[in-house]
2 protein chains.
Amino acid sequence: MINPVFLRTFMNLVKTNHFTHTAEELSMTQPGVSQHIKKLEIQLGTTLLNRYGKKFELTTAGESLFQYGLKQFKAESDLLNTIASDDVNIGHCTLACSGSMAMQLYPKLLNLQKERSGLTVSVEAAPNTTIIELIKKNQSDFGIVTQQVNDPSLIQEPLGEDALCLVMPAQSEPTWEVLLELGFINHPDGHHYATQLLEKNFSGEFKGMDQLPQTGYINQLSQILLPVSMGLGFTVIPKSSLDVFPYPDRIRNAVLASLVNERVFLITKKHRALPSRYQLIRELLRSEWH
Amino acid sequence: MINPVFLRTFMNLVKTNHFTHTAEELSMTQPGVSQHIKKLEIQLGTTLLNRYGKKFELTTAGESLFQYGLKQFKAESDLLNTIASDDVNIGHCTLACSGSMAMQLYPKLLNLQKERSGLTVSVEAAPNTTIIELIKKNQSDFGIVTQQVNDPSLIQEPLGEDALCLVMPAQSEPTWEVLLELGFINHPDGHHYATQLLEKNFSGEFKGMDQLPQTGYINQLSQILLPVSMGLGFTVIPKSSLDVFPYPDRIRNAVLASLVNERVFLITKKHRALPSRYQLIRELLRSEWH
DNA sequence: CATTATGATAATTTAATATTATGATAAATC
DNA sequence: GATTTATCATAATATTAAATTATCATAATG
């Protein structure tokens with residue numbers, strides 16, 4: 001590691017081209033300057049100055065060190081600026097949520113970015129379990145999940161509810177026999193969603209997801225309704241995902257006797273103070289479900 | 001300035017999430033770790049860790065410092081790599097020369113770059129006086145000038161000779177009267193060149209450049225022959241510049257009684273050891289005049 | 001040739017940092 | 001819920017690094 005005090009001396013020496021003047025500017029003694037340079041040279045294993053008489057030129061290594069020093073100084077002042085300012089409108093925000101949630105939220109987050117040019121938002125689409133991991137590893141600060149989590153290191157704030165929808169090809173009837181025949185188009189949270197909805201509405205017949213043939217799997221919710229619209233199977237997704245499908249008349253949102261609402265939670269890490277800019281995102285999320 | 005020892009401790013602490021383990025890895029005592037973090041916090045004026053019980057999370061400032069540290073480590077290993085290797089094929093070379101020289105040399109330098117992909121060459125076109133300044137300020141390592149310089153801080157190596165040419169519109173005759181009538185198209189080294197050539201060939205008439213009307217000025221030698229070809233004046237340039245003019249039949253390279261050769265010198269700074277890659281450029285320059 | 005300016009070296013003082021020992025508090029175990 | 005263990009914080013001491021003072025050597029200056 002390069003001693004920053006030595007480096008500062010070196011940088012000043014390059015600037016002034018003069019040992020004594022450097023010593024004066026840095027309020028130290030001239031032998032100190034010589035010593036600093038010498039120690040840098042010993043550490044780096046090369047000469048930094050090409051001495052001739054009482055003058056000198058930088059060697060190639062000296063030139064490199066000088067460039068490094070310039071970079072250094074800049075990086076440090078950047079750091080201090082960053083730490084000093086916790087502006088609501090500046091910085092990067094990270095959010096992890098399901099794919100459908102991402103499709104729903106991303107345009108609104110982009111609007112926020114447009115209004116506040118210093119703000120950047122990245123959205124990571126992932127299944128519930130991954131979202132929780134991302135939060136715990138600090139790779140994302142905000143997470144939106146549809147499952148209650150019971151982890152003492154996380155904070156959970158209910159945002160609202162989202163109805164689960166049984167989605168079938170346009171002409172199909174929502175009977176147990178038809179479902180068995182169609183088969184299930186799975187997705188990362190597919191079993192979790194389907195189990196809840198089918199248990200309530202087909203309590204006599206439904207024993208578990210293993211009963212149903214899986215006729216497809218896709219981990220992008222934006223595309224999951226495609227195989228359904230083509231008659232290849234049914235699936236269960238939240239209403240918010242359904243709303244963004246571009247061809248609503250090619251599918252059927254089956255009306256069932258019992259509605260199942262999936263609760264939506266905002267999760268954050270306990271003991272992790274988030275920058276104030278996250279307040280904006282939190283408000284946006286709350287208003288989304290109001 | 002951020003103490004790099006403290007920073008290293010902090011970085012390791014973030015990695016391990018554990019004070020004692022960090023102390024073990026860095027072969028120091030645990031209180032030492034606490035002390036380092038505390039000192040960083042005092043210096044930066046913020047908490048870096050959000051402590052709860054015996055665990056902790058990074059604060060925003062802590063996150064920033066961590067990012068800074070990562071950048072830092074990279075910059076330092078880059079520096080050490082740069083210093084360790086003085087590869088003939090890697091690095092940047094700077095050359096300052098006249099505009100015509102630049103036109104002549106640049107394609108050949110580009111070929112060199114093509115052959116050795118780690119090498120970059122930048123050419124600065126400038127008049128003689130500027131070239132010398134650039135060299136003295138270390139803004140360029142190689143300079144090519146056509147004037148003998150008498151500066152003890154510079155080294156001068158003769159490269160070869162370049163004949164000065166009196167260039168006129170295609171139909172003009174090289175007589176003193178015609179020259180007076182045409183007028184002089186000037187360029188940065190125009191007076192210097194013209195004086196030498198005219199003194200020798202029109203020793204009776206020529207008294208100084210003030211005698212001749214200046215009918216144009218352009219500091220790009222690549223374009224200087226344009227006004228000459230249009231009959232707007234005459235000029236004096238080195239043969240190398242003449243050779244790159246695309247329409248040789250629109251101008252006249254006047255045959256004079258006495259030839260004047262301009263000596264071409266490579267100048268470098270004394271006491272400045274140049275990286276080995278410059279040897280390549282030097283050889284290329286020598287072979288150019290063989 | 002003498003003088004002044006400048007950088008290098010050696011010995012000493014001063015300041016910063018590390019360690020040891022100890023204390024306090026939370027998590028784990030019975 | 002009391003006891004043990006693990007972990008971080010603090011205070012006093014020891015160690016190490018860096019700064020200064022004094023001195024020397026050599027180059028630039030007149």
Side-chain angles (χ1 to χ4, degrees), chain A residues 1-44 46-59 62 69 136 150-154 269-272, chain B residues 1-44 46-59 62 65 136 150-154 269-272:
Chain A
M1 264 157 302
I2 284 159
N3 187 319
V5 180
F6 298 169
L7 183 62
R8 190 192 52 168
T9 308
F10 173 76
M11 296 300 284
N12 200 302
L13 180 65
V14 174
K15 195 189 81 185
T16 60
N17 239 284
H18 204 284
F19 280 70
T20 309
H21 294 169
T22 294
E24 281 162 4
E25 283 191 22
L26 302 180
S27 38
M28 57 193 287
T29 56
Q30 172 272 311
V33 179
S34 295
Q35 224 180 103
H36 283 188
I37 305 304
K38 197 181 190 179
K39 283 182 180 164
L40 283 173
E41 288 183 327
I42 289 170
Q43 190 192 345
L44 295 172
T46 26
T47 55
L48 295 169
L49 309 179
N50 216 328
R51 295 143 217 257
Y52 59 101
K54 305 216 156 161
K55 296 203 188 84
F56 63 85
E57 287 288 336
L58 285 185
T59 60
K136 291 181 91 170
N150 207 1
D151 192 312
S153 70
L154 300 177
K269 204 164 178 191
K270 211 175 194 168
H271 306 295
R272 181 169 167 87
Chain B
M1 265 157 298
I2 285 160
N3 186 320
V5 180
F6 298 169
L7 182 63
R8 189 192 53 167
T9 308
F10 172 78
M11 297 300 282
N12 200 301
L13 181 65
V14 174
K15 195 189 80 187
T16 60
N17 238 283
H18 205 285
F19 280 70
T20 310
H21 295 169
T22 295
E24 282 162 2
E25 282 191 21
L26 302 180
S27 39
M28 57 192 290
T29 58
Q30 173 273 311
V33 179
S34 295
Q35 226 179 100
H36 282 188
I37 304 304
K38 197 181 187 178
K39 283 182 179 164
L40 283 173
E41 287 182 328
I42 288 170
Q43 190 192 346
L44 296 173
T46 26
T47 56
L48 295 169
L49 308 179
N50 215 327
R51 295 144 217 255
Y52 59 103
K54 302 211 160 165
K55 299 203 186 84
F56 63 85
E57 287 287 337
L58 285 185
T59 62
L65 183 63
K136 290 182 93 170
N150 209 1
D151 191 311
S153 71
L154 301 177
K269 203 164 176 189
K270 211 177 194 169
H271 306 297
R272 182 170 166 86

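Below, read A as the first sequence line, B as the second, and so on, with proteins coming before strands; counting in each chain starts at 1.
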- Message: If you only use heavy atoms from C-beta on, which nucleotide in D:dA9, C:dA8, D:dC8 is closest to the side chain of B:H18?
- Response: D:dC8
- Identify which nucleotide among D:dT7, C:dA18, D:dT21 has an atom closest to any side-chain atom of B:T20, counting heavy atoms from C-beta outward. D:dT7
- Message: I'd like to check A:T59 versus A:T46 (side-chain heavy atoms, cut-off strictly below 4.5 Å). Are they in contact?
- Response: no
- Message: Using side-chain heavy atoms (C-beta onward) and a distance below 4.5 Å, is B:Y52 in contact with B:E57?
- Response: yes
- To the nearest angstrom, the NE2-P distance between B:H21 and D:dC8 comes to 8 Å
- Message: If you define the side chain from C-beta out and look only at heavy atoms, does anything of B:T9 sit under 4.5 Å from B:M28?
- Response: yes
- Query: With a 4.5 Å heavy-atom cut-off, do B:L7 and B:H36 have their side chains touching?
  - Reply: no
- Query: Could you give the CD1-to-C1' distance, from B:I42 to D:dT10, as a whole number of Å?
  - Reply: 13 Å
- Taking atom P of D:dT26 as reference, at what distance in whole Å does atom NZ of A:K55 sit? 18 Å
- Go through C:dG7, C:dT19, D:dC8 for me and flag the one nearest to the B:Q35 side chain. C:dT19
- Query: Do B:D151 and B:K136 sit within salt-bridge range, that is, some charged N less than 4.0 Å from a carboxylate O?
  - Reply: yes
- Item | Candidate pair A:I37 and A:L13, rule side chain to side chain contact (heavy atoms under 4.5 Å, CB included), full reasoning | CA-CA 9 Å; A:I37 305 304; A:L13 180 65; 3.7 Å; yes
- Query: Taking atom C1' of D:dA18 as reference, at what distance in whole Å does atom NZ of A:K38 sit?
  - Reply: 14 Å
- Between atom CD in B:E41 and atom P in D:dA9, what is the gap in whole Å? 9 Å
- Item | Close approaches to DNA chain C from residues 2-16 of chain B, in residue order (heavy atom, under 4.0 Å) | B:N3, B:V5
- Query: Given atom NZ of A:K39 and atom P of D:dA18, what is their separation to the nearest angstrom?
  - Reply: 5 Å
- From CD of B:Q30 across to P of C:dA21 the rounded distance in Å is 15 Å
- OP1 or OP2 of C:dG7 sitting under 4.0 Å from any side-chain N/O of A:S34? no
- Select from B:G32 and A:R51 the residue whose nearest nucleotide in DNA chain C is closer to the 5' end of that strand. A:R51
- Task: Please report, rounded to the nearest Å, how far the C1' atom of D:dA18 is from the CG atom of A:L26.
- Result: 15 Å
- Flag, side chain of B:Q30 to backbone of B:F19, donor-acceptor distance under 3.5 Å: no
- Item | Selection from D:dT10, D:dA19, C:dT20 that lies nearest to any side-chain heavy atom of B:T29 | C:dT20
